[in-house]
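What you see below is based on every heavy atom in this structure, not just the backbone, and it leaves out hydrogens, waters and symmetry mates. Ligands are counted one by one from 1 in listed order, and the atoms in each one are counted from 1 as well.
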Amino acid sequence: MNKEEAKKRIDILKKEINYHRYQYHVLDKLDISDAAFDSLKNELEELELQWPDLVTADSPTQRVGGEPLDKFKKVQHEEPMLSLNDAFGEEEIKAWEERVQKIAPHAKFDYFCELKLDGLAVSLVYKSGTLFRGATRGDGKVGEDITQNLRTIQSIPLLLRCPEEKELAGIGLSSQQVKNIIAAVSGGQIEVRGEAIMTQKVFNELNKKYKKAGRALLANSRNGAAGSLRQLDPKITAQRRLSFYAYALMADLGLNRHEQEHLVMRAMGFPTFTDDNKKYAHFCSDIQEVIKFHSYWAGHRDKLPFGCDGVVVAIDDKALHSKLGVVGKAPRWMQAYKFSGEEATTVVEDIILQIGRTGILTPVAVLRPVSVGGVIVSRATLHNEDEIKRLGLKIGDTVVVQRAGDVIPDILRVFSKMRTGQEKDFLMPRLCPMCGGAVEKRLIGSGQEAKSAGYFCANKNCFAVNRRALSHFVSKPAMNIDGLGPKIIEQLLQEGLIRDAADIYDLTEGDLTPLARFADKSAKNVIESISQSRQVPLARFINALGVLHVGEETARDLANHFGSIEKLSQAKQEDLANIDNIGSVVAQSLVSWFAETKNKKLLARLLKAVKIEKPNIAKKKQIFKEMTFVLTGELASFSRDQAKEIIREHGGDVSSSVSAKTSLVVAGEAPGSKYDKAKKLGVKIISEEEFKELIK
Ligand code: IVH
């Protein structure tokens, strides 16, 4: 192939790749397999390698490139990036309508509503159709140039799509408007603004991975998005798999309606919410319809694949935008109609420390009790010392707390202007508040971004650590000993009846009956349950040991890999680090655990007391090898956990969400949205009966 032919082929490949990007990220259509898509990209990459001077900035191969920066450059926005005034509840949104109606009494008001995403506002400037610069909002006037990072987001086009005239006419545009758009895409400058977000799925996957590797966790998906875009190395941003939705078109193209702007951005290759299937945007002919749209999503926000804190309501007629103008820093023609109830303000009365089974000390905020979304909360997690610093939190501060689902609430922000001067700084103690032993600061995690400081009680005999470690030891996913709750463990420790996990197996009925909490029968039951736990699958036994960074899943991976506790205990750091899903931090933690004399003695005593079942991975036919399953609905013959176990025993993986990579969806009674998603993506769905046939 000569250079001219190479150039032709490169152009064709780029067009094809861009087309599929648009189909997938904008139209949500899967029209090509991952393998075929990668193959097109590989061919392009190879040609570009051979002809480096044919590489252009808008090539799909150039998303992750460039050296890490020292710092971000400042960028002046051509038009200020405004913010929105909030409306809470029906009354406030109606009051807003009344205010604007007073300014334009004869106008007909209709509204374009779309979901308000919880991410980071960004501006994208295109020159002659090519992405020229991407920036953060900053203070609204001056932001930071994060072009390198924004380029890594697959749903942001590097090159604008040139819509066909017919297509634009189809959305009701005049021939002049069509001309303006085509001229702007091919020759002029346009700016698109929107929200960069981390989807819930990516957030969960990353945190699962970070947890396994013992790295600092992302506090929530919004921080995930913001933190990823503030990375100086675009390679790190690329790993965070962010998404983008466009919500504003900053170019005078003679359009009359706000909704049209969204349709035009979509035609230019940006994901927008003007997609009928998802119903994330809606044209409303009056305020009652706006209220209905808001109330629908207030009730369904948990089902959304991203964080969402309300609805953005815009007056659709652009002629009214200039008439209504801007008040302060917010346009008068737009409101953030927020969802209520999931946030509340309260006072942090104290910061206490919780101790984990590994001795890690986690700060927890004690709140003046407050109702958040109908639930009274009195504690919020602070994750670690870095989080307290990031929030700038002092004891006595007034804060905003947020509750998302069933998790412990988070503190979102501190009202530092409300301080009285009585607030106190929180300092990590030098001595463990539970046992008085020394506290040690250790770095958790590895790699450029992951390190965060963790504080540990270094006293191997710390009462509180033992209590947690023993509670973990007897828990269901570990030794599964019924009847030994935290209170009883505490009593057994206090009475000196147990000091470590192996002592549990020396307990007799006679030891228990005299204790306050035991009647003869319950003592008998506990001893029976201890005895039953003597036969234990290897994975659960490994989990029970409570090694730092080794949870249920890692324990299963280790059990399947080594097949016996002896082999695992002798494994070297490099053997461990070479196993899929096991990082160097986990490997190091295991090696040090097995090297410690105290643990060696404990293990030897435990091995005398229990009989470990080898993983039966080899016994079952690996019929589900390299297959990923998703379970939805209620199964009649198995619990969720049993079904997962069966799939794993047969070599398969189980995922919580459906994607193009899902091999099979098993649908029980009343399947949920995963069923619909599978149908849409064309993923095979089988019934519980069919699943049973497969494993017969
Ligand atoms: S419209 C005038 N539409 O909300 C600026 N904003 O509270 C508003 N946001 O900084 C632009 N989703 O980052 C708009 N669908 C959406 C949005 C949205 C999230 C953010 C935006 C802005 C903030 C204002």
Check: Quick one: which of His258, Lys116, Lys329, Glu195 has a heavy atom closest to atom 13 (O) of ligand 1?
Finding: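 Considering heavy atoms of His258, Lys116, Lys329, Glu195, the nearest to atom 13 (O) of ligand 1 sits in Glu195.
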
Check: Between Leu82 and ligand 1, is there a nitrogen or oxygen pair with a distance under 3.5 Å?
Finding: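 Min N/O separation from ligand 1 is not below 3.5 Å for Leu82.
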
Margin query: Check this for me - ligand 1, Ala336, N or O atoms closer than 3.5 angstrom, yes or no?
Written below: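 N/O-N/O distance under 3.5 Å: no.
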
Note to self: Taking only non-hydrogen atoms of Ala248, do any sit less than 4.0 angstrom from ligand 1?
What the structure shows: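 No.
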
Checklist line | Sub-4.0 Å heavy-atom contact, Met334 with ligand 1 | finding: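 Contact present.
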
Next item on the list: Verify the ring-centre separation between His300 and Tyr296: is it less than 6.0 angstrom?
Entry: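 Aromatic pair counts; centres sit under 6.0 Å.
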
Do the ring planes of [X] and [Y] sit parallel (below 30°), tilted (30 to 60°) or perpendicular (above 60°)?
{"X": "Trp333", "Y": "His258", "result": "perpendicular"}
{"X": "Tyr245", "Y": "Phe273", "result": "tilted"}
{"X": "Phe293", "Y": "His282", "result": "parallel"}
{"X": "Phe37", "Y": "His20", "result": "perpendicular"}

Notebook entry, point to check: Minimum heavy-atom separation for Arg332 to Leu324, with atom names?
Noted result: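 Shortest heavy-atom separation between Arg332 and Leu324 comes out as NH1-O, 2.7 Å.
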
Select one of side chain, backbone, both or neither to describe which atoms of [X] lie under 4.0 Å from any atom of ligand 1, heavy atoms only.
{"X": "Val312", "answer": "side chain"}
{"X": "Glu114", "answer": "side chain"}
{"X": "Leu120", "answer": "neither"}
{"X": "Ala121", "answer": "both"}

Can you report which non-hydrogen protein atom sits closest to [atom], along with the distance?
{"atom": "atom 11 (C) of ligand 1", "answer": "Tyr247 CE1, 3.2 Å"}
{"atom": "atom 12 (N) of ligand 1", "answer": "Leu117 N, 2.9 Å"}
{"atom": "atom 15 (N) of ligand 1", "answer": "Leu115 O, 2.9 Å"}

Notebook entry, point to check: If you count the atoms of ligand 1 from 1 in the order shown, which ones are under 4.0 Å from a heavy atom of Leu84?
Noted result: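 Result: 2 (C), 7 (O), 8 (C), 24 (C).
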
Check: Of all the atoms in ligand 1, which lie at a distance below 4.0 Å from a heavy atom belonging to Ser83?
Finding: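 Atoms satisfying the 4.0 Å criterion: 2 (C).
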
Going by atom types only, do [X] and [Y] share a side-chain donor-acceptor pair under 3.5 Å?
{"X": "Gln176", "Y": "Asn180", "result": "yes"}
{"X": "Thr272", "Y": "Thr274", "result": "yes"}
{"X": "Ser123", "Y": "Glu191", "result": "yes"}

